[in-house]
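See structure below.
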Amino acid sequence: MSTETAAAAAQVAAPPAGWEEARSRVYAVGLAAALPAIDRPLADADGHTLAEPLTTRTDLPAFPTSSVDGWAVRGDGPWQVVGRVLAGQSSPPLTTDGTTAEIATGAMVPEGTTAVLRIEESTRTADGRVDGTPRPMPEWRQPGEEAYAGEELLPAGTPVDPALIGLAASCGHDTLRVRRQPRAALLVFGDELLTSGPPGAGRVRDALGPTVPAWLRRYGCQVRPADVVGPVADTLPAHVAALRGALADADLVCTTGGTMHGPVDHLHPALQALGAEYVVNTVAVRPGFPMLLARLVDGDGRVRFVAGLPGNPQSAVVALVSLVAPLLAGLAGRPMPVLPQATLAEPVPGRGDFTHLALVRLDRVASTAHPVRHVGSAMLRGLAGADGFAVIRPGTSGEAGDRVPVVPVPLLPGERAW
């Protein structure tokens, strides 16, 4: 028996990792290799992850601001008009009782103000003074009402979205300290694949070459057109060369196909030739069983990963949500993704000792999950109309009315599933 055959036999004999165990394991190795922190301008920070807590540079608001259009008054009325203050301006203090300054919403409240009278609740006397009764509650925002200087607003590991960017700007930040986004590449294996036109004559259209990079981008990865390579020839030297080339720049290389041990499945011996170590090799999940994640460490300590996705399209997406998603969360320094739950609207069969990830469409109003049709490993029709995968744990089946976790399909960076 050759060395390659013996290694392959040993891997086949190894029991697959449980689905939840595999996710925890890949998240841990990703977090241990979290990407370095960089500074990004606010306009370029969307989709990144905070590398340090977001704190305020000043009190928020930084000064007392009027919450209405009206009159900043001192003492009892009627009041003599002595000035006007607009947003973006400061005004002299009100030093004398019975005086007022017209004030706009958002303007700085003059020192000495005892109340703000709403414009619509004011009148003018015959001699031009302002009269009315201010409301008992102050009509201005106090410094520090939203946050005090130095207060932590959001922790490190928070995904950056438009709301966070706006908050950071209001706190006085011009840049954010974030994790560098992962650089990813895709190698498509399989001589049987066509990259254009309809399938036929024993050859099938490559559906994963266009698909996987788009989902990797939704997970926050940078993927350039040049980072998608394939089909790679079904030889061991071609696989080794393609992996070595992709790993030169990428933090994560995804491959499609070749995760089994057939006569043209060269991924395992290629990883062995490159000195990779398995983090997970096969996961007890259906569909998507022959998936893996391997790690390579350079002499300088640089860590890179290879995610072996099955060749069947739906199985490849199962591998993405099972292994790639938690790995990328760790690399970005984000918390382990917490899966939302939904109520099954219909029964979903179990898969014996395997976790079953069943494609479902979600009714977000009723918080129910509805199984979809056309869900074979090689099919994408069901996936195109689905919102995620209902998780049916090993040794169980899903009955109508059961609450089960749901793994969302990859969304736009920063987008929330529910």
For atom [atom1] of [X], is the number of surrounding heavy atoms from other residues, nucleotides or ligands below 6.0 Å larger than 12?
X: Glu111; atom1: CD; value: no
X: Arg403; atom1: CZ; value: yes
X: Arg302; atom1: CZ; value: yes

Calculate, to the nearest 0.5 Å, the distance between atoms [atom1] and [atom2] belonging to [X] and [Y] respectively.
X: Cys221; Y: Leu186; atom1: SG; atom2: CG; answer: 11.5 Å
X: Leu362; Y: Thr368; atom1: CG; atom2: OG1; answer: 8.0 Å
X: Asp69; Y: Ile103; atom1: CG; atom2: CD1; answer: 9.5 Å
X: Leu176; Y: Asp44; atom1: CG; atom2: CG; answer: 11.0 Å
X: Leu323; Y: Leu292; atom1: CG; atom2: CG; answer: 8.0 Å
X: Glu277; Y: Leu271; atom1: CD; atom2: CG; answer: 11.5 Å

Locate the shortest heavy-atom distance separating [X] from [Y]; write the atom from each residue and the value.
X: Thr49; Y: Arg334; result: OG1-NE, 2.6 Å
X: Gln89; Y: Arg84; result: OE1-O, 4.2 Å
X: Leu42; Y: Ala168; result: CD2-CB, 4.0 Å
X: Tyr148; Y: Asp59; result: CA-OD1, 3.5 Å
X: Pro213; Y: Leu208; result: CD-O, 3.8 Å
X: Ala284; Y: Asp353; result: CB-O, 4.3 Å

Would you check if the side chain of [X] reaches a backbone N or O of [Y] as a donor-acceptor pair within less than 3.5 Å?
X: Asp363; Y: Ala366; result: yes
X: Arg74; Y: Leu94; result: yes
X: Ser377; Y: Gln314; result: no
X: Gln222; Y: Gln181; result: no
X: Asp227; Y: Arg224; result: yes
X: Thr175; Y: Pro41; result: no
X: Asp402; Y: Val404; result: no
X: Arg183; Y: Asp249; result: yes
X: His356; Y: Pro349; result: yes
X: Asp298; Y: Asp300; result: no

Against Phe305, only a single residue in Leu328, Val324, Leu252, Val253 fulfils side chain to side chain contact (heavy atoms under 4.5 Å, CB included); can you say which?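 Going through the options one by one, the only one that passes is Leu252.
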Is there side-chain contact between [X] and [Y], with at least one heavy-atom pair below 4.5 Å?
X: Val372; Y: Leu383; result: no
X: Leu60; Y: Cys171; result: yes
X: Ile165; Y: Val160; result: yes
X: Thr255; Y: Leu243; result: yes
X: Val409; Y: Phe389; result: yes
X: Arg218; Y: Leu320; result: no
X: Val285; Y: Phe354; result: no
X: Met336; Y: Pro326; result: yes

Before you tell me yes or no, could you show the steps for Val303 and Arg295 under side-chain contact (heavy atoms from CB on, under 4.5 Å), namely the whole-Å CA-CA distance, both residues' side-chain angles and the distance that decides it to 0.1 Å? CA-CA 7 Å; Val303 180; Arg295 175 176 55 191; 3.7 Å; yes
Stepwise side-chain contact (heavy atoms from CB on, under 4.5 Å) test for Leu167 and Leu154: CA-CA 10 Å; Leu167 177 61; Leu154 293 167; 4.3 Å; yes
Applying side-chain contact (heavy atoms from CB on, under 4.5 Å) to His268 and Tyr278, what does each step give before you reach the verdict? CA-CA 10 Å; His268 290 282; Tyr278 290 103; 2.4 Å; yes
Determine the interplanar angle of the His266 and His239 rings, folded into 0 to 90°, and report it as parallel if under 30°, tilted if 30 to 60°, perpendicular if over 60°.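 Answer is perpendicular, since the angle exceeds 60°.
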Mind checking what makes ring-ring contact (aromatic ring centres under 6.0 Å, His included) contact with Tyr27, not counting sequence neighbours?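 Residues passing ring-ring contact (aromatic ring centres under 6.0 Å, His included) with Tyr27: none at all.
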Side-chain ion pair, Glu146 and Arg141, N-O less than 4.0 Å: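 So Glu146 does not pair with Arg141 through a salt bridge.
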Using a strict cut-off of less than 4.0 Å between a Lys/Arg side-chain nitrogen and an Asp/Glu carboxylate oxygen, indicate whether Asp387 and Arg361 qualify as a salt bridge.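 No salt bridge links Asp387 with Arg361.
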Given Ser322 and Val283, is the side-chain contact (heavy atoms from CB on, under 4.5 Å) satisfied, shown in steps? CA-CA 9 Å; Ser322 299; Val283 180; 5.8 Å; no
